[in-house]
Each structure stands twice: as C-alpha cells, then as structure tokens.
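Whatever order the structure lists ligands and atoms in, that order sets their numbers, starting from 1. Heavy atoms only: backbone and side chains are in, while hydrogens, waters and symmetry mates are out. Residues: numbered from 1 along the sequence shown. Keep in mind that what you see is a predicted model, and the values were worked out from it rather than measured.
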Amino acid sequence: MAAVLVGSSVRVPSAALLGHAPGVVERGAAAREERLKQWLRGMTKHRQLDFDTMGFGRGRNGFGMIASGAIDKGSVLAEVPLQAFLSEKTAERCLLVGPMLRKNDFRPWLTMCAHLLVERSRGKESFWHPYISALPSVEELSISHPLLWPAETIQELLQGSPMLDTIATRLKLCQEDHEALLTAGIEKFLPGGETLSEGDVRWASAVLLSRAFSLELDVDDDFDTLCLVPWADMLNHCSSAGEESCLIFDQDTKTASLEAHKSYSKGDEVFDSYGPALTGSQLFLDYGFVDDENENYAVDLPAQVLGPVRSSVNAALLEALGLPAGGTLVSIVPEGVDESVLAWTRAAIASPRELSAAGWKSDGKYQKAIMYFSEPINRDNECEVLRRLIAACENLWSKYPTSLEHDLDELTGGESDMRTTTWARKQAALRAIVCEKKALTAGKTVLCGFLEKLRAGAALKSLYEVDREEGTFEVRLFVATKDRSGTSGKNRDAAVHNYGDFGKRQALLIEAGRVEIRAQTTSMLLE
Ligand SMILES: C[S@@+](CC[C@H](N)C(=O)[O-])C[C@H]1O[C@@H](n2cnc3c(N)ncnc32)[C@H](O)[C@@H]1O
C-alpha cells in the first residue's frame with residue numbers, strides 16, 4: 001500500500017541561508033520538539049513508536065532533522081500514527097467546520113486550507129496545536145516560498161520563465177479560494193472574530209504545497225487523501241534519495257513511515273525524498289528551493305506553445321483523452337521530449353485523413369487513436385512535429401533576459417550578499433531557471449538532430465531510439481492534474497491550472513491497450 005510523498009516542508013525556514021539571527025529562529029525549537037514528541041507519544045501508548053531516532057537541528061540547508069545516533073540504511077526513521085494526521089477526512093469529521101465544508105462541496109485542496117486555517121485560529125483549543133504551532137509563520141514562509149514573495153520579486157527573478165505563469169495561476173486560485181471561503185462564512189468559525197485575509201490563504205496553500213502528503217489511507221478509497229503528517233514533514237529533501245525514502249502508509253498498522261535511503265552517523269542531517277522525479281522548477285515552485293543534487297532538468301510548457309491545434313476535430317480527440325491544448329503541460333527534457341509529447345503533437349496537427357486512419361471517431365474510440373499516434377505516422381507529419389517543438393524551444397529561449405553562462409556565474413558569485421533574503425531568493429530562482437535552460441539547450445540540440453536525420457532520409461521506424469519494456473511502454477506526458485471534485489471551489493476546472501489538486505503531475509501510461517493516468521499522487525483510469 002505504498003503511497004508517494006507529495007510534499008513536506010520547513011517548519012522553521014532555513015535560518016542560516018535566509019539571514020535570520022540564528023538565536024531568533026531557533027529559540028524555542030527544543031521546546032517545540034519536545035511538545036510535539038509528547039503529543040505523538042500520547043497517541044501511541046498501546047504501541048511504542050520511536051521518536052528519538054532524529055531531532056530538530058541545524059543541517060546543511062538550515063533547519064532539518066539530525067540523527068541522534070547511528071542510523072542504518074533501510075531502518076525506520078520515523079513512524080507516525082494516523083491519529084496525528086490532519087487530513088481531508090479529519091476536516092469532514094470536524095464538528096465545527098465539517099458541516100460547512102460538506103455543504104459547500106469544496107475540493108480537497110480548499111477543504112484542507114479551511115481546516116488548517118480554522119485549527120490554527122483555535123490555538124491551544126485545537127487538537128493539532130503542538131503541530132500547528134510549530135509550522136512556519138507567514139513571515140517565515142514568505143522568505144522562502146515563492147507563493148508568498150512580493151509580486152515585483154517574482155517578476156524580476158523569474159523573467160522569461162514559464163514558472164511565472166504557474167505562479168500567476170496559483171495566486172489567482174488563492175484569490176478565488178479566499179473569496180469562496182468568505183462566501184461560505186468561514187470567519188464564523190474563527191474564534192475571536194478575526195478576519196481571514198488572502199495572505200492567510202496563501203500561507204495555508206504554501207504550507208500544503210511544501211508539506212502535504214497524498215496517501216492511500218483506506219483500500220476502499222477512490223482517491224488518495226491529502227494529509228499533513230506531523231513529524232514526518234520535518235525532514236529536508238535530497239534529490240539523490242530515491243523512492244525508498246518516500247513516506248508510505250501501512251493500512252494494517254495505520255502508521256506512516258519513512259526509511260533511511262543511506263546510513264547516517266550521529267549528528268548527520270537526515271534526508272528523505274519529496275519525490276525522486278521532481279524537477280528543478282517543481283521543487284522551486286512547491287518548496288522554494290532546488291538542491292545541489294538535483295539533475296532532473298526539465299522545462300514545463302503549456303501545450304499551446306506547440307502552435308495551434310489543426311481543427312476542432314483534432315481538439316475533440318485531445319479533449320476526449322483529457323489532454324486539451326489549454327490544460328496540458330509538455331515537458332522538454334535534455335533527451336528532447338518523451339514519446340507522449342510527440343504523440344500529442346502528431347494528433348494535434350493530423351489531417352482529417354490521418355485522423356480517420358487513426359480510427360478516431362467522436363464516440364469515445366480514442367484509445368485506439370492515441371496508440372496510433374504513439375508512432376510516427378508519416379514523414380510530413382513528423383517533420384512538422386519536430387519543427388514545432390524546435391520553434392517552441394527557440395521561442396522560449398528568446399524570452400529569458402540572460403544566458404545560461406551568465407546565470408551560472410551569478411550562482412557561483414555574490415558571496416558578499418550571502419545570508420540575506422534577497423540573495424537566498426535569487427539563488428533559488430536562478431537554480432530553477434538554470435535547470436530549465438539546461439533542459440532547453442540539450443533538448444533543442446537533440447530535436448534538431450532528429451529533424452536532420454529525418455530530412456536526410458532516415459527511416460521513420462528507426463528515427464527515435466526507444467527504451468521499451470516488452471508489452472508496456474511508459475509515456476510521460478505530464479498533464480495538469482484534474483480536480484477530483486470536478487467543479488467545486490466554485491465551478492473552476494482545475495485541470496487547466498496545474499494546481500487545483502495540489503499541483504502534482506500525472507503521467508500518462510499506455511499499457512497493453514489501456515490508457516491510464518498514473519499520478520504521483522493518485523491513480524485513475526481515464527475510462
Ligand atoms: C518538509 S520541510 C523540511 C523541514 C524544514 N526544513 C523545517 O524547518 O521544518 C520542506 C522545506 O524545507 C526546506 N528544504 C527542504 N529540503 C531542502 C533542501 N535540500 N535545501 C534547502 N531547503 C530545503 C524548504 O524550505 C522546503 O519548503
């Protein structure tokens with residue numbers, strides 16, 4: 001019953017990096033750690049769980065978890081009982097806001113935002129007080145998380161990057177979510193009569209983006225559950241850690257646990273993985289950092305950058321697949337693009353005759369059609385596919401104000417500014433942009449190579465070298481996640497936002513004729 005980590009985040013933002021006086025940030029950390037541990041132990045009297053393997057401390061990148069003694073590779077780092085989780089389920093069961101949440105049929109993301117904000121406002125009255133009081137404040141989170149950065153900083157540091165659009169979309173959603181919560185009367189549930197600001201909603205969203213997990217809590221659930229898992233969200237991420245160090249939930253013992261991906265000595269910082277495939281820009285957008293080890297270079301673009309879809313018939317095919325031009329993201333990676341992007345583009349530009357050869361009928365027979373486009377269909381179509389992809393790379397490049405060399409120089413220079421918020425934000429943004437540019441540079445070269453090969457007469461069948469397991473091949477078309485609850489949060493189609501369902505990607509898997517959306521967070525059949 002493995003579930004994949006969606007996120008986790010800083011309780012106390014990286015003090016050294018972000019320029020706080022260490023005493024200010026760390027004051028009270030030991031007390032908060034003890035309070036949290038005691039609270040967790042109180043829930044597990046029947047079964048002894050070990051919360052002493054690690055403790056709060058100063059790690060390589062600021063605040064994190066430090067090994068209390070030697071830890072062997074593969075041993076359990078943390079186990080957290082279900083009772084401690086703050087989740088969609090606890091939100092719905094809450095006597096205070098549950099009825100309001102159910103009545104409004106909010107999507108899981110908004111439900112969790114509301115739950116977190118109400119519990120925060122309840123202070124010591126809240127069951128989760130030991131956890132929530134240890135979360136970063138708006139001020140702390142606004143240093144590291146781009147969702148809370150000033151608008152001009154975002155514009156300045158992300159100039160030219162498609163990440164700008166993602167943040168703009170997320171900010172708009174926060175605004176809409178704020179309005180939806182006010183309309184639903186959330187302020188009635190805030191003790192002390194305080195008002196709810198849009199900044200509060202951005203704080204809750206940033207906490208969820210950087211800390212929440214998506215776990216299969218019950219085998220009968222149709223979808224994974226969005227949860228905050230106290231204690232497990234205190235570890236920093238390391239891109240060299242793999243799936244073995246992602247959080248898993250055991251439905252028998254009702255505990256979430258993390259395992260060590262390597263051995264540690266006493267005093268070492270302990271890491272987990274927020275997801276082994278996370279790219280630089282995903283790390284930056286969701287968590288506000290890109291670590292040194294990250295080599296998942298990619299630039300994510302809306303499919304519209306590949307040019308117009310040929311006709312409404314092509315659009316209907318893509319729509320039927322759940323991959324409309326307006327709601328689909330394509331990833332350009334150093335290897336070029338994956339097969340799914342090629343398939344999408346072939347289908348988007350196919351002529352009526354080619355669509356008919358693919359077997360496309362607007363009666364839902366789309367599975368066959370997408371399989372058809374998973375291979376080049378003819379030389380003209382394939383040339384146009386590659387030409388469009390190369391043009392998209394060039395177009396994107398022309399928008400960045402600086403060169404890759406310039407950015408790399410900036411990353412290694414500027415030591416005198418270290419420890420300031422400005423410096424830390426710039427470093428994080430630059431690292432993400434460098435990942436995009438590396439993907440774009442290498443990706444375009446590869447795509448140009450394919451086009452040259454094709455023009456030189458290479459056979460279509462041998463144009464791309466494909467690493468494929470027998471009977472199955474994975475096409476990693478990253479699409480914006482569909483909002484599970486459809487149109488809640490007030491008639492919004494979150495599929496176009498890459499955020500509605502906590503901003504995670506889904507990969508399209510074509511397996512023996514089955515088309516499946518395989519998500520980092522959830523799995524759902526298209527049919
Ligand atoms: C789950 S928290 C990790 C614990 C957190 N450092 C804390 O103080 O509670 C994730 C956040 O920690 C920070 N973080 C995690 N891994 C990091 C890394 N490798 N480098 C820099 N910051 C990191 C980021 O601010 C991220 O949003």
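- Contact annotation for F289 and ligand 1: only side-chain heavy atoms (C-beta onward) come within less than 4.0 Å of the ligand.
- Applying the salt bridge (charged side-chain N to carboxylate O under 4.0 Å, His left out) test to residues at least two apart or on different chains, the pairs with a partner in residues 72-83 are R47-E79.
- The distance from the CZ atom of F271 to the CG atom of L235 is 9.0 Å, given to the nearest 0.5 Å.
- For D233, no nitrogen or oxygen atom sits less than 3.5 Å from a nitrogen or oxygen atom of ligand 1, counting backbone and side chain alike.
- Contacts between D291 and ligand 1, counted as non-hydrogen atom pairs separated by less than 4.0 Å, involve the side chain only.
- Between H237 and Y274, the ring-plane angle classifies as tilted under the 30° and 60° cut-offs.
- Comparing R58, H237, Q427 against atom 16 (N) of ligand 1, the shortest heavy-atom distance belongs to H237.
- At least one N/O-N/O distance between F63 and ligand 1 falls below 3.5 Å.
- Across all non-hydrogen atoms, the minimal contact from H145 to L285 is CE1-O, 3.4 Å.
- Shown here are the side chain to side chain contact (heavy atoms under 4.5 Å, CB included) partners of V434, two or more places apart in sequence or in another chain: L404, D407, L408, L411, K438.
- Within the structure, ligand 1 has Y274 among the residues with a heavy atom less than 4.0 angstrom away.
- Contacts between R211 and ligand 1 below 4.0 angstrom, taking non-hydrogen atoms only, involve the side chain exclusively.
- F85 contributes atom CZ, which lies 7.5 Å from atom OG1 of T255 (distance to the nearest 0.5 angstrom).
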